[in-house]
Amino acid sequence: MKNALHRMNPSVKFLAITICMFTMAFFFDPWTPLVFWVGVLVLQFFFSEIDWKKWLLFMLPFFVTAFGYFWTTLVFAEDGSGSVVWSIWNLQITETQLNHALSLSFRVLAFSSLSLLFALTTNPVTFILSLMQQLKLSPKIAYGVMVGYQFLPVLKDEFILIGQAHRLRGASEEKNTLQRLLGVRRILIPMLAGAVRKAERAAFAMEARGFTGERRSSYFRVISIGKVDAALVILFLFVLVLSCTHIWWLG
Amino acid sequence: MHEVIHFDKVSFRYPDEEKWILDELSFTVKRGERIVITGPSGCGKTTLLYICNRLYPDNCDGILSGSVKLFGKNNSSFIPGEINHRIATVFQDPDSQFCMQTVEEELAFTLENLHVKRDEMENRIRDVLALTDLTEFRYAVIQKLSGGQKQRIATACALIMKPEVLLLDEPLSHLDPFTAKKYVEWLDELQKKYAMTIVAIEHRLDLWGDFFERSISLNKNEIAPVLIKRESSKQKNDSLVVDKLQANTYLQETSFTLKRGEVAVLAGPNGSGKTTLLKALCKLIPSSGTVEPKLVGYVPQSPEFLFLTKKVQDEVGFGGGNNTEEMIARLQLLPIADSHPFAVSHGQKRRVAIAAMLSDGREVILMDEPTSGQDAKALSELFQLIDERAREGTTFLIVTHDMEFANCLADSILLMKDGQLTGKFDADIVWSDEQLLMDHHLLPPKEVIHREKCFA
C-alpha cells in the first residue's frame with residue numbers, strides 16, 4: 001500500500017492532478033490552498049516511498065518563492081481596504097492585503113508540491129507508454145521522446161568533453177555569469193551538430209526495424225488501470241472537495 | 001536459388017548535388033549468399049545499403065533511376081515498413097540505434113512494430129535470445145553494455161523479425177579487434193544455423209577472414225593507397241616525461257617517457273582507461289604525479305570539439321602563437337584559411353586541430369582514436385600528416401585499435417589494461433607475444449601473420 005502512488009497509472013495520475021490544479025485556480029481565499037496543500041502532503045506521506053530529503057531540496061526554491069510573493073504582496077498591494085490587522089514601523093497591513101498575500105503563497109506551495117508528487121513518483125518511460133496506451137498519444141511523438149531520453153547521458157558526456165577541450169585551447173573560464181552563459185553557446189554549437197547526426201541515425205535505425213509511426217495493435221508492456229487507480233482518484237477528489245468546502249466545516 | 005536483390009543499371013543522386021553517387025550499377029544477390037560491398041568512404045556504399053532497405057529515396061528526396069527488384073518485385077510496390085522486416089539492418093554506430101532502455105524492451109519494440117500478437121511476443125523474445133546466446137542480457141540496460149555487446153543486441157533485434165536478408169553497415173568499425181573477431185565468429189555460427197542472406201558493407205576486410213563468398217567493389221578506378229612502414233624519426237632527447245601519474249577515478253600509477261619525434265601507439269581493450277590516461281596527461285582531469293612538458297596537445301576523436309572561432313585562420317592563431325602564418329602554410333591549410341572550421345572535411349578538421357596545437361607551442365600531441373571509421377584513403381592521409389610532423393620533431397601518442405596502422409606507424413606500443421599501463425614495448429615484440437596480444441584484446445597485423453607463415 002505504501003507504494004500505491006508509484007504504482008498508479010501515470011495517465012490517470014496526470015488527469016487527477018490536472019483536475020485538482022484547475023479547480024484550485026478558482027479559489028482566491030488563503031485557506032483552500034492551505035488545506036489542499038496539507039492534504040497532498042498527507043497523501044504523499046501515506047502512499048509513496050519518496051526520499052523526503054530530496055523532496056525538501058526540490059521544495060526549497062518554492063518556499064523561497066512563496067515567501068517572496070507573501071512579502072511583496074504585503075508591502076506593495078494597492079487595495080488598502082478592510083481593518084488593519086498588523087502594523088510594523090509605518091506599514092499598515094489590512095486584512096485584505098494579508099489574505100491576498102497568504103492566498104498567493106499557499107497557492108505556490110500547493111501547486112508546486114502537487115507537481116513534485118507527480119514528478120517524484122512517476123517513471124518517465126512508463127508515463128510515455130501510458131500516454132500512448134490510455135490517452136492515444138501518437139507513437140511518433142512517444143518514441144521520439146523516448147529516444148531523446150536515452151540520449152541524455154550521451155549528451156552529458158559530450159558536454160563535459162567539449163568543455164574540457166575548450167579549456168585546453170585556453171578559452172578562459174568567464175567569471176561573470178552572463179558571459180559564462182554566452183560561453184555555453186560555443187559548446188552547444190558542436191553538440192547540436194552532433195545531435196542532428198545522431199538523431200538522423202536513430203530515426204533510420206527505428207525505420208529499419210519496421211517503425212512507421214502508425215498505431216500499434218498490441219503492447220508488450222501493458223500499462224493497465226486497476227482498483228488502485230480508482231481508489232487513489234477517489235482520495236484525490238476527496239482532498240479536493242474537502243479543501244473546497246472547508247468553509248462549512250471549519251466555520 | 002532465386003534472386004533476393006537485383007539492381008539493374010541503378011543510378012542515384014541526392015537532390016542538391018549534381019554528381020551521381022551511384023552510376024549505372026548492376027548486381028544480383030542470391031538467397032543464402034554472403035556478400036560484401038567494398039569501396040572508400042563517400043563512394044556510395046551506405047547509399048546503396050539504404051536503397052536496399054528502402055530508407056532511400058523516400059527519406060532524402062533522392063533521384064533514383066534504373067530498376068531495383070527485391071524478392072522479384074519492384075521496390076516501390078512495397079508499402080512502408082513491409083520490406084524492413086524481410087530485409088533487416090544492423091548499423092555502424094552502437095550508440096545510436098536503440099530507443100528503449102533494456103534489451104527486452106528493445107526487442108519488444110521491434111515486435112510491436114510488426115503487429116505481433118502479445119501472446120507470441122514472449123516466445124519470440126525467448127527464442128531469439130537463445131539463438132543468439134544472449135539470454136543473460138535479457139534485462140540488461142543497453143547503454144551500460146560494451147560496444148561489442150550492443151552490436152550483438154542490434155543483430156538480435158534484426159533477427160527477431162525473422163528476416164530473409166541481413167544488411168550490415170560496417171558493424172565492426174567501433175569495436176576493438178578481438179571483440180570484432182568474436183563478433184564475426186558469432187555471426188558465422190548464426191548464419192549457418194539460420195541460413196539467411198548477408199550483405200555487408202565494409203572498407204576493411206582483414207577482420208572478417210574468409211567470411212564472405214563474394215565481394216562487390218564500388219571502387220571508381222581509384223587504387224587505395226597502401227601504407228608502407230615508416231622509418232623512425234626518434235631523436236635522442238626526451239620529449240614527454242611522465243612520472244607517477246595517477247588519476248583518482250580509474251587510472252593507476254603510470255610512468256613512461258617518449259623521445260622527441262617518437263610515434264607511440266596506446267592500445268588496449270575498450271574501457272581500459274586509454275582516454276582517461278590522455279586526459280590526465282593534458283590535465284583535463286585532476287591527477288597527481290608530474291608530466292613534463294606542461295603544455296600537451298590533445299585531439300579528440302571529433303576534432304571539431306576543439307574549435308572556438310569562425311575561421312580556420314583564427315582557429316590556428318587562437319592561442320596567441322606568433323608563427324600562425326607559417327603553421328598554416330606548413331600544414332597546407334592555405335586554401336581553406338578563410339573557411340569555417342566546421343565546414344571543412346574531417347581530415348582537414350584534424351589538420352586544423354594539429355596546426356592549432358603546434359602553434360600553441362604544444363610539441364607533444366595526443367590523439368584519441370583518429371582511425372575509427374576511416375577508409376584507406378583517409379588513413380593514408382592521416383599517416384602522412386603524422387609522419388611529416390614527427391620528422392619535424394613532434395612527438396605523438398595515438399590511441400587506436402587498428403593494428404595494421406599501428407604496425408606501419410609506431411616506434412613503440414604502450415599497452416593498457418584495467419586502468420593500468422602494462423608497459424612500453426617495441427612493436428615487433430608485441431606482435432610475437434601471443435599472450436600479451438590476447439590479454440589486451442589485440443590481433444597481430446596481417447603483414448606479420450604472412451611473414452610468420454613464410455618462415456614456418
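A note on names: the letters A, B, ... follow the listed sequences, proteins ahead of strands, and every chain is numbered from 1.
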Seminar exercise, completed: Whatever's closer than 4.5 Å to a heavy atom in chain A on B/Asp95 counts as backbone
For this session: Give a yes or no on whether B/Phe78 atom CZ has more than 12 heavy-atom contacts from other residues, nucleotides or ligands under 6.0 Å away.
Result: yes
Seminar exercise, completed: dist A/Phe204:CZ -> B/Asn53:CG (nearest 0.5 Å) comes out at 9.0 Å
Exercise. Any side-chain heavy atom of A/Arg201 sitting closer than 4.5 Å to one from B/Gln92?
Worked result: no
Exercise. Counting only heavy atoms not in A/Lys2, do more than 12 fall under 6.0 Å of its NZ?
Worked result: yes
Exercise. Contact part of B/Val296 toward chain A, heavy-atom cut-off under 4.5 Å: side chain, backbone, both or neither?
Worked result: backbone
For this session: Kindly indicate, with the supporting measurements, whether the criterion side-chain contact (heavy atoms from CB on, under 4.5 Å) is fulfilled by B/Arg118 and A/Val222.
Result: CA-CA 10 Å; B/Arg118 188 157 184 275; A/Val222 176; 3.4 Å; yes
Problem set entry | A/Leu168 vs B/Met357 side-chain heavy atoms within contact, under 4.5 Å | yes
For this session: For the residue pair B/Glu112 and A/Tyr219, establish whether any side-chain heavy-atom pair is separated by less than 4.5 Å.
Result: yes
Exercise. Would you find a donor on one side and an acceptor on the other, under 3.5 Å apart, between the side chain of B/Ser96 and the backbone of A/Ala199?
Worked result: no
For this session: Give, for atom CE of A/Met191 and atom OG of B/Ser302, the distance between the pair rounded to the nearest 0.5 Å.
Result: 12.0 Å
Exercise. Heavy-atom count around B/Phe342 CZ within 6.0 Å, excluding the residue itself: above 12?
Worked result: yes
Exercise. Hey, what do you get for CG (B/Leu284) to NE2 (A/His166), rounding to the nearest 0.5 Å?
Worked result: 12.0 Å
Problem set entry | Note, A/Phe220 side chain near B/Leu111 side chain (heavy atom, < 4.5 Å) | no
Exercise. Distance from B/Cys99 atom SG to A/Phe151 atom CZ, nearest 0.5 Å?
Worked result: 9.5 Å
Problem set entry | Under 3.5 Å donor-acceptor, A/Arg169 side chain and B/Glu315 backbone | yes
Exercise. Under a 4.5 Å heavy-atom cutoff, which of B/Met100, B/Met161, B/Gln97, B/Glu105 has the most pairs with chain A?
Worked result: B/Met100
Problem set entry | Side chains of A/Arg221 and B/Glu104 in contact at under 4.5 Å (non-hydrogen atoms) | no
For this session: Drop me the distance from A/Glu207's CD to B/Asn59's CG, to the nearest 0.5 angstrom.
Result: 4.5 Å
Problem set entry | Shortest non-hydrogen contact between A/Ala165 and B/Phe305, atoms and distance | CB-O, 3.8 Å
Exercise. What part of B/Val90 gets closer than 4.5 Å to chain A, counting heavy atoms only: side chain, backbone, both or neither?
Worked result: neither
Problem set entry | Side chain, backbone, both or neither of B/Ile160 within contact of chain A (heavy atoms, under 4.5 Å) | neither
For this session: Mind checking the CD-CD1 spacing from B/Glu304 to A/Ile162? Nearest 0.5 Å is all I need.
Result: 8.0 Å
For this session: Select one option (side chain, backbone, both, neither) describing which atoms of B/Tyr298 are under 4.5 Å from chain A's heavy atoms.
Result: both
Exercise. Between B/His85, B/Lys283, B/Gln143, which residue shows the highest count of heavy-atom pairs closer than 4.5 Å to chain A?
Worked result: B/Gln143
Seminar exercise, completed: Between B/Leu55 and A/Ala208 the two heavy atoms that sit nearest each other are CD2-N, 4.4 Å
Problem set entry | Heavy-atom pair count under 4.5 Å with chain A, highest-scoring of B/Thr110, B/Thr89, B/Leu308 | B/Leu308
For this session: Look at A/Glu200, A/Lys198, A/Met206 and state which one has the largest set of heavy-atom pairs under 4.5 Å with chain B.
Result: A/Met206
For this session: Kindly check if the number of other-residue, nucleotide or ligand heavy atoms within 6.0 Å of CZ (A/Phe63) is above 12?
Result: yes
For this session: Under 4.5 Å heavy-atom distance to chain B, tell me which part of A/Arg185 shows up: side chain, backbone, both or neither.
Result: neither
Exercise. Angle class for the B/Phe109/A/Tyr143 ring planes (parallel below 30°, perpendicular above 60°, tilted otherwise)?
Worked result: tilted
